[in-house]
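Only one structure is covered here, and it is reproduced in the block below.
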Amino acid sequence: MSKKDIDLLKNYEILYNFFGPQGWWPADSPLEVIVGAVLTQNTSWQNVEKAIENLKRERLLDLTALVNVEQDKLAMLIKPSGYYNIKAKRLKNLITEIYKNFQDLEDIKKLSMEDARNFLLKINGIGCETADSILLYALGYPVFVIDAYTLRWLGRFDIKFSDSKRDSYHQSQALFMKNLPIDSKLFNEYHALIVRLGKEFCKKVPSCHECPFYIRAL
DNA sequence: CTCCAGGAGA
DNA sequence: TCTCCGGGAG
């Protein structure tokens with residue numbers, strides 16, 4: 001299987017028919033998505049939920065409230081999500097930049113996707129995946145989010161990219177976006193389905209016999 | 001004990 | 001290219 005052989009739209013149908021809609025991103029507001037995107041960096045979502053609940057209880061899921069909260073207090077509240085000192089700093093960086101440049105989150109949507117992406121990537125603590133997650137799941141831009149699950153899944157079709165993290169991110173992202181209709185709803189569901197597959201079947205030690213792609217190949 | 005919806009610093 | 005950040009759950 002080479003890069004030009006894989007039928008990404010067909011594989012989407014297989015995943016969707018097997019798992020059904022995933023309902024990403026679970027949140028009450030775009031700001032909650034943005035906060036969650038930072039908190040979930042290399043961290044299970046289950047732990048992020050505890051941190052989000054703490055922030056809700058303190059009425060901190062609000063742009064001005066987050067601008068004003070002490071970083072140390074923020075760190076204590078998000079402790080369940082791990083890396084809490086770094087993530088508190090990253091959240092402050094992100095929220096401060098958003099607040100400085102936009103009065104309202106909706107105003108970011110006035111930017112082109114490239115401008116919004118560059119704005120986010122300039123912020124310390126926001127890499128490609130976090131930026132694209134925010135663009136897609138908080139702001140609705142049609143960008144395909146890549147993560148470790150995605151690269152592992154492609155690798156098991158013998159589709160491999162550069163050793164460089166950054167290069168493999170953009171190469172695999174280009175593969176999806178060149179071979180799929182540019183549709184934020186599709187990109188939203190597809191990434192969520194790949195994560196679901198990666199957690200349940202396409203694991204580090206894979207459960208190939210249960211996998212929808214293995215079953216289909218029989 | 002390992003793993004997790006990553007990213008920065010050196 | 002390593003190393004660190006880290007609590008929670010299996």
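- C:dT1 and B:dC4: their C1' atoms are spaced 22 Å apart (whole Å).
- As a whole-Å value, the separation of A:R196 CZ from B:dC4 P is 17 Å.
- Nucleotides of DNA chain B nearest to A:W45 and A:N124 differ in position, and the one nearer the 5' end is that of A:W45.
- Considering only side-chain atoms of A:K50, the nucleotide from C:dA9, B:dC4, C:dG6 that sits closest is C:dA9.
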Show me the donor-acceptor pairs, under 3.5 Å and distance only, between side chains in residues 201-212 of chain A and residues at least two apart or in other chains.
unit_1: A:K203; atom_1: NZ; unit_2: A:S207; atom_2: OG; d: 3.2
unit_1: A:H209; atom_1: ND1; unit_2: A:Y214; atom_2: OH; d: 3.4

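- Going from atom CG of A:L151 over to atom P of B:dG6 covers 11 Å, rounded to whole Å.
- Look at A:K100 and A:E97 and you find a salt bridge, because one of the NZ, NE, NH1 or NH2 atoms lies within 4.0 Å of a carboxylate O, short of that distance.
- Across the P atoms, C:dG8 and B:dG7 are found 23 Å apart, a figure rounded to whole Å.
- Ring centroids of A:F176 and A:Y12 are separated by 6.0 Å or more, keeping the two rings apart.
- One atom, CZ of A:R166, and another, C1' of B:dG7, lie 10 Å apart when rounded to the nearest Å.
- As judged by a 4.0 angstrom heavy-atom cut-off over every strand, A:T130 is placed among residues touching the sugar-phosphate backbone only.
- Between A:Y84 and C:dG7, a side-chain N or O to OP1/OP2 separation shorter than 4.0 Å is present.
- Following rounding to the nearest Å, A:E129 (CD) and B:dC4 (C1') show an atom-to-atom distance of 12 Å.
- The separation between A:K87 atom NZ and C:dG8 atom C1' is 12 Å, rounded to whole Å.
- If you take CG of A:N42 and P of C:dG7, they are 14 Å apart, rounded to a whole angstrom.
- Between the side chains of A:Q41 and A:T130, at least one donor N or O lies within less than 3.5 Å of an accepting N or O.
- Looking at A:T43, its side chain comes within 3.5 Å of the base of C:dG6 through a donor and an acceptor atom.
- Here A:D163 lies out of heavy-atom contact (under 4.0 Å) with every strand.
- Remark: P of B:dA8 and CG of A:L120 are 12 Å apart, rounded to the nearest angstrom.
- In the set C:dG6, B:dC4, B:dG6, the nucleotide with an atom closest to the side chain of A:Q41 is B:dG6.
- Note on A:K165: nothing from the nucleic acid sits closer than 4.0 angstrom, heavy atoms only.
- Across all strands shown, B:dT2 forms a Watson-Crick or G-U wobble pair, both distances under 3.5 Å, with C:dA9.
- Taking a cutoff of 4.0 Å between a charged side-chain nitrogen and a carboxylate oxygen, A:E106 and A:K109 qualify as a salt bridge.
- Across the protein-nucleic acid pair, A:R90 atom CZ and B:dG9 atom C1' stand 11 Å apart, rounded to whole Å.
- Counting non-hydrogen atoms under 4.0 angstrom, A:I126 reaches the backbone sugars and phosphates but no base.
- Here the side chain of A:Y137 pairs a donor or acceptor atom with the backbone of A:N188 at under 3.5 angstrom.
- Residue contacts for A:S133: at a heavy-atom cut-off of 4.0 Å it reaches no nucleic acid atom on any strand shown.
- In this structure, of C:dC5, C:dA9, B:dC4, it is C:dA9 that holds the atom nearest to the side chain of A:Q46.
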